[in-house]
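In what follows, chains carry the letters A, B, and so on, assigned in the order in which the sequence lines appear, proteins first and then strands, with residues in each chain numbered from 1.
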Protein chains: 2
Amino acid sequence: MTKVNFETGLNGPEPIALEATCSSDMQKELSDYPLTGRFLMGRLRHAMGDREKEILESSITEVVDFDKGHRLVTRGEKCNHSTMLIEGFALRTIVENGRRYVVGIQVPGDFVDLHAFALKRLDHDLVTLGPAKVGYVPHSRLQDLMNSEPHLSRLFWFSTLLDAAIHRQWTLKLEQLKAYRRVAHLLAEIWYRLEMVGLAHSDGFRTPLTQTDLADMCGTTAIHMNRALRALSREGVAEFRRGNVTVTDRKNFEKHGDFNPTYLYGQGDLYIGAELTRD
Amino acid sequence: MTKVNFETGLNGPEPIALEATCSSDMQKELSDYPLTGRFLMGRLRHAMGDREKEILESSITEVVDFDKGHRLVTRGEKCNHSTMLIEGFALRTIVENGRRYVVGIQVPGDFVDLHAFALKRLDHDLVTLGPAKVGYVPHSRLQDLMNSEPHLSRLFWFSTLLDAAIHRQWTLKLEQLKAYRRVAHLLAEIWYRLEMVGLAHSDGFRTPLTQTDLADMCGTTAIHMNRALRALSREGVAEFRRGNVTVTDRKNFEKHGDFNPTYLYGQGDLYIGAELTRD
DNA sequence: TTTCGAAATTAACTTTGGTCAAGAAAGCGG
DNA sequence: CCGCTTTCTTGACCAAAGTTAATTTCGAAA
């Protein structure tokens, strides 16, 4: 383990360089594959051969930087490429009756609209949370890979199934938990996911999330979200200040959020299909 | 259009034969492919070639009938086959702290645990709602198909993406609606999905669902679900009696549930990837 | 037909969360 | 530094939903 600096799209006075724990394996991956090195990291990346990693990296035909709030994908519009999130965050949002709802959050390394390859039109928007860097893969290219690379295709499929597993967990937690535990669960999930791609630190993590964003993800109001966050703070469970999440006792924190990471299919959880690791 | 009788797994005094609207196309499909004829029906079934339909039908190595409440898949246990739901209903359930939560419902024609092919272990149970008939496809067979049938593989992928789209909609509706509209939405969805596979009738549909099941799907209590259903009945929007759903004014009903079926990617909605229809 | 158990129903009371209204604090651009 | 905007915070009040506890209805099986 070694330390490495990273940048998230913060809106603070000056961009604070944070220490993120990042193994040397991970560092090598990121220098070898600067655009797609985080894809499936912490999950089945080890199942990708070097050739497959090269194929994926070279499939990105265009890299673009966006400011916060840019709509990457519009609900109902036809897509001819899919988008790899290289840096920054994105939300899956749906605006109805003048109110915004968030049904998912994506972190670096996520192939955010890979499902648009098969669905062509999405039922939601994808919006950058802070500044973000993305890479595009044309659907024609994915089409070719479907025909010539069955193993890589299976990994793509797997990655969309991870999203589905996360959706199920969100559904579960909305059914099961009150606002206080719901945020705790959400923050625990984001922390875990950032950790898998080397973007968390030992006391927490940083995002450009506002309390309103959290409210829209938890199906509550910004006002009630504020009550929940203050309660978490009052109990000494976690601090959320302007997107900066700080936790002292992680076990305790995850207990408050009723968080069990197996649904994220991390590679340490021995929960993953062995067949996918072999060609 | 012609009428055909069908059976759902009802626990009523005698199995009531209901009239279901079912096109002659659909009838032919069901007689030609009695086990898998409902797979992707109303969606991209027309994109499957006869050869592909044969391949799928012949991939079912075993057909089994189960009683109500049988656990088809157990959370965390390794799966070596995937399950086609031929007749009846199944719920995706999670039991935690002694309470049951439902994160999905499956209808005939659904390849209910296709995602287990890639994930190997699921994060939830699959339980039959009433009596059900299922068919098994070994994962070794799916593996072969991945290598030899890229187009069929893409359709399998598509079918798991439909599940994900439904999960997103459930998340959205849990965030957005109060219990009263939530049930209405849920019932509208089930109706629509049954209609796509020829198992609904013009005034509604029949299922073995109880009010407790609905409550577990809507993240509320059976008592509150009862209040919501009574309200729907009082307003003349819909009647739910022992799994029997009756609606007089469908447009009005769907409006109360804030229901828009585009997320179900039905073939009439011109919402589906044209690329998938061609090889 | 009777009996039993599951499912549905209702009421009284408590907790959680939504709404409205008003400020305070922090970040941003000049 | 100042003014402007966004984000956060708090209080008072009301509606939605959970809890507990009975009671009724219905369907299945004897």
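A:H224 has its NE2 atom 16 Å from the P atom of D:dA16, to the nearest Å. When rounded to the nearest whole Å, the span between CG of B:N226 and P of C:dA11 equals 11 Å. Residue B:R99 contributes atom CZ, which lies 14 Å from atom P of D:dA17 at whole-angstrom precision. In this structure, CZ of A:R242 is placed 16 Å from P of C:dA24, rounded to the nearest angstrom. In this entry the distance linking CG of B:L232 with C1' of C:dA8 reads 16 Å, nearest Å. Distance A:L229 CG to D:dT7 C1': 12 Å, rounded to the nearest Å. Rounded to whole Å, atom P of D:dT24 lies 18 Å from atom CD of B:Q211. As a whole-Å value, the separation of B:I223 CD1 from C:dT15 C1' is 15 Å.
At C:dG18, one or more side-chain N or O atoms of A:T221 fall inside 4.0 Å of OP1 or OP2 (strictly under the cut-off). Applying the 4.0 Å criterion to OP1 and OP2 of D:dG18, one finds that B:T220 has a side-chain N or O inside that range.
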Inset, instruction - Give the intermediate values and the outcome of ring pair (Phe, Tyr, Trp, His ring centres under 6.0 Å) for residues A:H167 and B:H124. - result: CA-CA 13 Å; A:H167 290 326; B:H124 57 275; over 10 Å; no
Legend entry - Intermediate values then yes/no, side-chain hydrogen bond (donor to acceptor under 3.5 Å, both in side chains), A:E189 and A:W170: CA-CA 10 Å; A:E189 174 185 307; A:W170 282 38; 3.1 Å; yes
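Counting any heavy atom pair closer than 4.0 Å across all strands shown, A:A179 reaches sugar-phosphate atoms only and no base atom. Base contact: A:R227 has a heavy atom under 4.0 Å from a base atom.
Counted by atom type alone, B:T83 and B:D113 present one or more donor-acceptor pairs between their side chains at under 3.5 Å.
Checked for salt-bridge contact, B:R181 and B:D258 miss the test: no charged N lies under 4.0 Å from a carboxylate O.
Along DNA chain D, the nucleotide closest to A:E175 and the one closest to A:R241 are compared, and the more 5′ of them pairs with A:R241.
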